[in-house]
Structure formats: structure tokens, C-alpha cells
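Encoded as C-alpha cells, the structure appears first; notes follow it.
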Amino acid sequence: MPGFDIQEIQKILPHRYPFALIDRVISYVPGKSLHAIKNITMNEPVFMGHFPGNPIFPGVLLLEAMAQATGLLGFKMMENAAGSDEIYLFAGIDNARFKRQVIPGDRVDFHVEFVKEKRGIWKFTGRAEVDGKLACAAEIMCARRTT
């Protein structure tokens, strides 16, 4: 299916600047996968301290962006309406690996896939790529909860 823009993302996820880490969803397959992007610019507030003179986008934020992408997929899977009282919480991460640095000017493509759900815990696989090259990969668990 076609993707959606930042306005739709903000209807689904509670994150806001500077912690909204997905700029656009390129495409998604309901119940299966989602492809989202983040454009890394020198204007990111994180670069004031990580690292001055050698800006590198933090790996932990790549993982958070991947988790946000899984949240988008999860909400789309459940067809939750805007204003729903459900939230997806980051519940765990396994097998996280970092393969290259992400720097200003890079466009990060996040590819997440639904694996399974068991007792309210959803498992996804995800990868972050820059120019088709792997930057980060992980297995992510999210808990669907009512607020």
C-alpha cells in the first residue's frame, strides 16, 4: 500500500519534536511490513553534543526510530483510530548490531516486519539502511497497552 506523510504519522504516534524520528512512511503491507524514512540533518539537536566536530547520529536513536516504525505498523495492523486510548511501549530489544555510522546528509530507510504476537507482546525485525547499506539491525518487542 502507499505510504503516508508526517500529518498521518502525528495522528498515530504521540512523539513530537525533537523525539519524532520518522519523517515519512514510504509504503506498508498491512499485517506484514512497513518502510519509513528519516532525513538526518545537521540541525538535529543531538549533534550539539554527539559529537561536536564529528557529528554521528546515535545508535540508540536509530533503534528508537525503528521502534517508532514498528509502532506505526502495529497501529495500522489494528486499524486504531486517531485518539485511541492504546499505546505501544518499547518492551525489549535483541540482537542489535551496528554496521556503519549515520551522519548529517544521510537518509535512513527503516524496514520493519511483524514476526508474531504473544500475550500482548509483539515481536518485529527491523533494519536501518543508508544508500542500500545496512547501518543497524535488531529484533524489537513492543507491548500494546491501554492508557
Side-chain angles (χ1 to χ4, degrees), residues 1 3-41 44-51 55-104 106-147:
M1 296 188 84
F4 44 91
D5 61 16
I6 192 67
Q7 284 82 19
E8 180 72 13
I9 291 167
Q10 288 184 334
K11 289 178 186 174
I12 298 169
L13 292 180
H15 306 81
R16 295 296 180 264
Y17 178 83
F19 221 66
L21 298 175
I22 300 294
D23 292 332
R24 173 176 288 281
V25 172
I26 302 300
S27 64
Y28 72 98
V29 178
K32 294 189 184 247
S33 63
L34 183 132
H35 173 197
I37 63 167
K38 165 119 182 94
N39 295 300
I40 307 298
T41 71
E44 306 282 343
V46 70
F47 292 133
M48 290 175 27
H50 196 271
F51 300 107
I56 298 169
F57 197 71
V60 69
L61 292 182
L62 289 174
L63 294 172
E64 172 62 27
M66 204 179 298
Q68 289 180 22
T70 66
L72 290 166
L73 178 57
F75 273 109
K76 286 294 188 179
M77 286 170 58
M78 297 306 295
E79 300 180 8
N80 287 345
S84 169
D85 63 348
E86 289 186 340
I87 189 168
Y88 286 84
L89 301 172
F90 201 173
I93 189 158
D94 289 327
N95 302 313
R97 298 290 182 263
F98 301 95
K99 300 296 184 179
R100 64 160 288 179
Q101 295 175 352
V102 175
I103 59 174
D106 285 344
R107 180 182 111 165
V108 183
D109 287 84
F110 295 97
H111 300 275
V112 296
E113 295 182 10
F114 175 70
V115 176
K116 67 180 179 178
E117 184 272 336
K118 186 175 182 180
R119 292 184 279 181
I121 303 294
W122 296 41
K123 185 173 183 177
F124 300 85
T125 59
R127 65 187 194 281
E129 298 176 351
V130 175
D131 296 328
K133 295 179 182 144
L134 186 65
C136 173
E139 297 170 1
I140 294 176
M141 282 69 67
C142 296
R144 186 172 143 233
R145 298 290 185 252
T146 303
T147 57

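Along the sequence shown, residues are numbered consecutively beginning with 1. All values below were derived from every heavy atom in this structure, side-chain atoms included, with hydrogens, water molecules and symmetry-related copies excluded.
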| So Phe110 and Leu34, side-chain contact (heavy atoms from CB on, under 4.5 Å) or not? Walk me through it. | CA-CA 8 Å; Phe110 295 97; Leu34 183 132; over 6 Å; no
| task | Start with the C-alpha distance between Leu73 and Trp122, add both sets of side-chain angles, then the distance that settles side-chain contact (heavy atoms from CB on, under 4.5 Å), and finish with yes or no. | result | CA-CA 11 Å; Leu73 178 57; Trp122 296 41; over 6 Å; no
| How long is the span from the CD atom in Glu113 to the NZ atom in Lys123, to the nearest 0.5 Å? | 13.0 Å
| Nearest heavy-atom neighbours spanning Val102 and Asp106 | CA-OD2, 3.5 Å
| Would you call the rings of His35 and His111 parallel, tilted or perpendicular, where under 30° means parallel and over 60° means perpendicular? | parallel
| query | What are the two closest heavy atoms between Ala138 and Ile93, and how far apart are they? | reply | CB-CD1, 3.8 Å
| task | Output the distance between atom CG (Leu134) and atom CZ (Arg127), rounded to the nearest 0.5 Å. | result | 8.0 Å
| said: Are Met66 and Phe124 packed together at the side-chain level, in the sense that at least one heavy-atom pair is separated by less than 4.5 angstrom? | reply: no
| Does the Glu44 side chain pair with the main chain of Pro104, one donor and one acceptor, at a distance under 3.5 Å? | no
| message | Pair Phe47, Ile40 - check side-chain contact (heavy atoms from CB on, under 4.5 Å), show working. | response | CA-CA 10 Å; Phe47 292 133; Ile40 307 298; 3.7 Å; yes
| query | So, the side chain of His50 versus the backbone of Ile56: is there a donor-acceptor pair under 3.5 Å, distance only? | reply | yes
| Side-chain contact, heavy-atom cut-off 4.5 Å: Phe98 with Leu63? | yes
| Cys136 and Leu62: which non-hydrogen atoms are nearest, and at how many Å? | CB-CD1, 4.2 Å
| Asp5 side chain to Gln7 main-chain N or O, any donor-acceptor pair under 3.5 Å? | yes
| query | To the nearest 0.5 Å, what is the distance between OG1 (Thr125) and CG (Asn95)? | reply | 11.0 Å
| Is the CG atom of Asp94 crowded by more than 12 outside heavy atoms at less than 6.0 Å? | yes
| Taking side chain as C-beta onward, heavy atoms only, is Tyr88 less than 4.5 Å from Thr70? | no
| note | Taken to the nearest 0.5 Å, the spacing of Ile121 CD1 from Leu89 CG works out to 9.0 Å
| Shortest non-hydrogen contact from Pro55 toward Ile103 | O-CG2, 3.5 Å
| message | Restricting to non-hydrogen atoms, name the atom on Ala91 and the atom on Ala143 that form the minimum distance, rounded to 0.1 Å. | response | CB-N, 3.9 Å
| query | Can you tell me if Glu117 uses its side chain to pair, donor with acceptor, with the backbone of Gly120 under 3.5 Å? | reply | yes
| Closest non-hydrogen atom pair between Val108 and Ala128, with its separation | CG1-CB, 3.7 Å
| message | Rounded to the nearest 0.5 Å, what separates atom NZ in Lys116 from atom CE in Met141? | response | 10.0 Å
| Interatomic distance, Lys38 atom NZ to Leu61 atom CG [nearest 0.5 angstrom] | 9.0 Å
| Any cation-pi pair here, Lys76 with Phe4, using under 6.0 Å and within 45°? | yes
| request: Take atom CD of Glu139 as the centre, draw a 6.0 Å sphere, and report whether it contains more than 12 heavy atoms from other residues, nucleotides or ligands. | output: yes
| Expected output: side-chain Asp23 to main-chain Asn39 donor-acceptor under 3.5 Å | yes
